[in-house]
Every structure is written in structure tokens, then in C-alpha cells.
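One-based numbering, in listed order, for ligands and for the atoms of each. One-based numbering along the sequence shown.
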Amino acid sequence: MKTIVITGGSRGIGRATAVLAGARGWSVTVNYTRDAAAAADTVAAVSAAGGKALAVQGDVTVEADVIHLFDTAQAAFGPLDGVVVNAGIVAPAACLADMSLDRLTRMFDVNILGAYLTAREGARRLPLDRGGRGGSIVLVSSAASRLGSAGQYVDYAGTKGAMDTLALGLSRELAGQGVRVNAVRPGIIETDIHASGGQPDRAQTLGTTSPLGRPGRAEEVAEAILWLLGDAASYTTGALLDVAGGR
Ligand code: NAP
């Protein structure tokens with residue numbers, strides 16, 4: 001059975017991924033920043049689904065927190081097989097001309113630096129030549145990386161472009177050491193992230209403009225992530241997999 005770490009696993013796509021992994025009997029370490037109750041609820045749901053789980057508080061922008069997350073996961077469940085680089089934020093819709101330095105700094109810190117620190121920890125622990133047993137890293141990017149999100153959040157879209165590039169480069173760096181690296185690019189998915197960007201009904205309103213005519217569900221993204229984490233995707237690396245209803 002596999003052992004994985006998920007950043008931002010307390011809610012939304014991270015939570016759905018944790019629960020689906022639990023249903024396959026995997027051991028899941030769920031990271032979160034603020035919402036301990038939501039993280040505890042995810043842990044209970046993973047256990048109820050048949051897996052093992054643990055919640056670890058930590059901010060992905062803090063190097064010591066990321067190292068602690070991985071150390072705790074390995075102490076509890078043994079060598080890692082997979083990492084889901086999922087934690088991410090949006091901010092209220094705005095044009096670039098009106099974005100503050102604080103906003104840009106936080107956006108790039110969480111979505112780029114946090115992703116790179118998390119992926120780096122995977123790159124230190126999974127490869128065969130570093131004592132790992134190989135595995136899979138999945139980056140949760142966004143369709144925004146190819147759409148650009150004009151007038152809404154070009155900052156966020158750019159951070160997801162960085163994640164796509166990381167997936168391409170790191171996949172080649174680690175291919176010879178038994179580690180696959182891929183990204184999923186969700187479209188408009190029903191989670192709390194839209195409320196945090198000041199548009200709680202965004203998924204319902206914009207989601208219907210997708211070719212499939214509806215927003216996606218976190219569970220539908222989790223299915224793609226689980227496929228990339230698992231052995232069924234053994235020949236897939238460096239892929240950017242759209243889960244965006246045709247957007
Ligand atoms: P969400 O419901 O807002 O959940 C975000 C998760 O990230 C929470 O568990 C949150 O923990 C955690 N988090 C936030 N900042 C963190 C930090 N600095 N360190 C560690 N954890 C942190 O978001 P979601 O919609 O599931 O999104 C998950 C990923 O999918 C993100 O990368 C997002 O960009 C991407 N995505 C989402 C959509 C969509 O439509 N929902 C579309 C494309 C891509 P706390 O609650 O404890 O803060």
C-alpha cells in the first residue's frame with residue numbers, strides 16, 4: 001500500500017484526494033495551515049474509507065514546516081511513495097495594475113515557493129539514488145496557466161505556469177531515479193477557494209460556461225491525481241493533464 005503526503009489536504013481537492021487514497025487503503029499525511037478542525041475531519045474520513053491518516057500543521061512557505069511535514073509522515077508511515085503538491089491560494093479579482101506588492105508576494109510565496117519547497121522535499125526523499133524507493137509527484141496546477149485569467153488574477157495564473165514548468169523540468173531530472181512527475185490542471189471546481197477569492201458563487205456561474213456545462217467536483221480531480229500517483233500511470237511523466245470540462 002502506498003504512503004503519500006498531500007499539502008493543503010484539509011479541504012477541497014486535497015481532501016477529496018486524501019479520502020480517495022484512503023479508500024484504496026493508502027496511508028495519507030494531510031497538511032493544513034489554519035483549519036485544524038477541517039484537517040481532523042479529513043483524517044477521520046480517510047480512516048472511515050479504509051486508509052490511515054495523520055494531520056500535520058505547517059505553512060508550505062516555511063522551509064522548516066515542509067521538512068517537518070515530511071519527517072513526520074515518514075516517522076509515522078515509513079518510506080514515501082507519493083507527494084501531492086496541492087496547497088494554493090487565490091486573491092480577489094483585480095487587474096495587474098491594481099495589485100499590491102503584498103498580494104503579489106503572498107501569491108508567489110504560497111503558490112510558487114511553497115510548491116517548489118514541497119516538490120524539493122519529494123525530490124530529496126523519493127529517488128532511488130537518495131535512498132528512496134521511487135514514486136510519483138503530482139503538482140496541482142490550473143487551467144489558468146494556459147488561459148491567463150485576464151482581469152481576474154494574472155498573478156495566480158502565472159504561478160500555475162511556474163508549476164507546469166516545474167513538472168516538465170523535474171520529470172526529466174528524476175526520470176532515471178524511479179520518480180514520475182506530472183501536473184493536473186483543474187478547471188472550475190466546486191471548492192471553498194472561490195469564496196476565499198471573494199466570489200463564493202463563481203463555480204456555479206462560470207462553471208456552466210465550460211463545454212461540459214457544469215463545474216467540476218473535487219472528487220473528479222482526485223481521480224486524475226490518484227491515477228497519476230498509482231502504478232497504472234507507470235509510463236506517464238512530464239504530462240500536464242487537463243481536468244477542466246473542456247475549457
Ligand atoms: P481550498 O478549498 O481553498 O483548499 C486549500 C487548501 O490549501 C486548504 O487545505 C488550506 O489549508 C491549504 N493551504 C492554503 N495555504 C496554505 C499554506 N500556505 N500552506 C499549507 N497549506 C495551505 O482550495 P482547492 O480549490 O481545493 O484548491 C487546491 C489546489 O487546486 C490549489 O493549488 C488551487 O490553485 C488548485 N485549483 C483549484 C481550482 C478550483 O476551481 N477549485 C481550479 C484549478 C486549480 P487551511 O484551510 O488550513 O488554510
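Interatomic distance, Q57 CD to T72 OG1, rounded to the nearest 0.5 Å: 11.0 Å. The CD1 atom of I193 lies 11.5 Å from the CD atom of Q199; values are rounded to the nearest 0.5 Å. Atom CG in D81 sits 7.5 Å away from atom CG in L126 (nearest 0.5 Å).
N31 and G58 get closest at one heavy-atom pair: ND2-O, 2.9 Å.
Heavy-atom distances between G187 and ligand 1 reach below 4.0 Å in at least one pair. Every heavy atom of A218 sits 4.0 Å or more from the atoms of ligand 1. Note on ligand 1: S141 sits in its first shell, one or more heavy atoms being nearer than 4.0 Å. Under the 4.0 angstrom criterion for non-hydrogen atoms, H194 is in contact with ligand 1. Residue R185 places every heavy atom at 4.0 Å or more from ligand 1.
The pair D242-R146 counts as a salt bridge, with a side-chain nitrogen and a carboxylate oxygen less than 4.0 angstrom apart. Taking the charged nitrogens against the carboxylate oxygens, R120 and E173 have no contact shorter than 4.0 Å, which rules out a salt bridge. The pair D71-R125 counts as a salt bridge, with a side-chain nitrogen and a carboxylate oxygen less than 4.0 angstrom apart.
At a 4.0 Å heavy-atom cut-off, ligand 1 touches T191 through the side chain alone. With a heavy-atom cut-off of 4.0 Å, N31 touches ligand 1 through its side chain alone. With a 4.0 Å heavy-atom cut-off, ligand 1 is reached by no atom of A39.
For atom 12 (C) of ligand 1, the nearest non-hydrogen atom of the protein is G8 CA, 3.4 Å. Counting protein heavy atoms only, atom 2 (O) of ligand 1 is closest to R11 NH1, 3.4 Å.
The N/O atoms of V60, backbone and side chain alike, include one that comes under 3.5 Å of an N/O atom in ligand 1. For S142, no nitrogen or oxygen atom sits less than 3.5 Å from a nitrogen or oxygen atom of ligand 1, counting backbone and side chain alike. Between T61 and ligand 1, a contact under 3.5 Å exists for no N or O pair. Ligand 1 has no N or O atom lying under 3.5 Å from any N or O atom of S196, backbone or side chain. In terms of polar-atom proximity, I189 is counted as a contact of ligand 1, with an N or O under 3.5 Å from an N or O of the ligand.
Heavy-atom proximity to G58, at under 4.0 Å, picks out these atoms of ligand 1: 19 (N), 20 (C). The distance from ligand 1 to the heavy atoms of D192 drops below 4.0 Å at these ligand atoms: 2 (O).
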Inset, instruction - For salt bridge (Lys or Arg N to Asp or Glu O under 4.0 Å), just list the numbers for K2 and D231, CA-CA rounded to whole Å, side-chain angles, deciding distance to a tenth of an Å, and then say yes or no. - result: CA-CA 10 Å; K2 292 191 185 295; D231 298 337; 3.1 Å; yes
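Grouped with L206 in one hydrophobic cluster are I188, the linkage being side-chain heavy-atom contacts under 4.5 Å among Ile, Leu, Val, Met, Phe, Trp and Tyr residues.
Looking at heavy atoms from C-beta onward, T17 lies in side-chain contact with L226 at the 4.5 angstrom threshold.
Distances from atom 16 (C) of ligand 1 to the heavy atoms of I188, I13, T33 show the closest one on T33. For atom 31 (C) of ligand 1, the candidate residues are I225, N86, L117, V140; the nearest heavy-atom contact is made by N86.
Side chains of S10 and D35: a donor-acceptor N/O pair is absent below 3.5 angstrom, by distance only.
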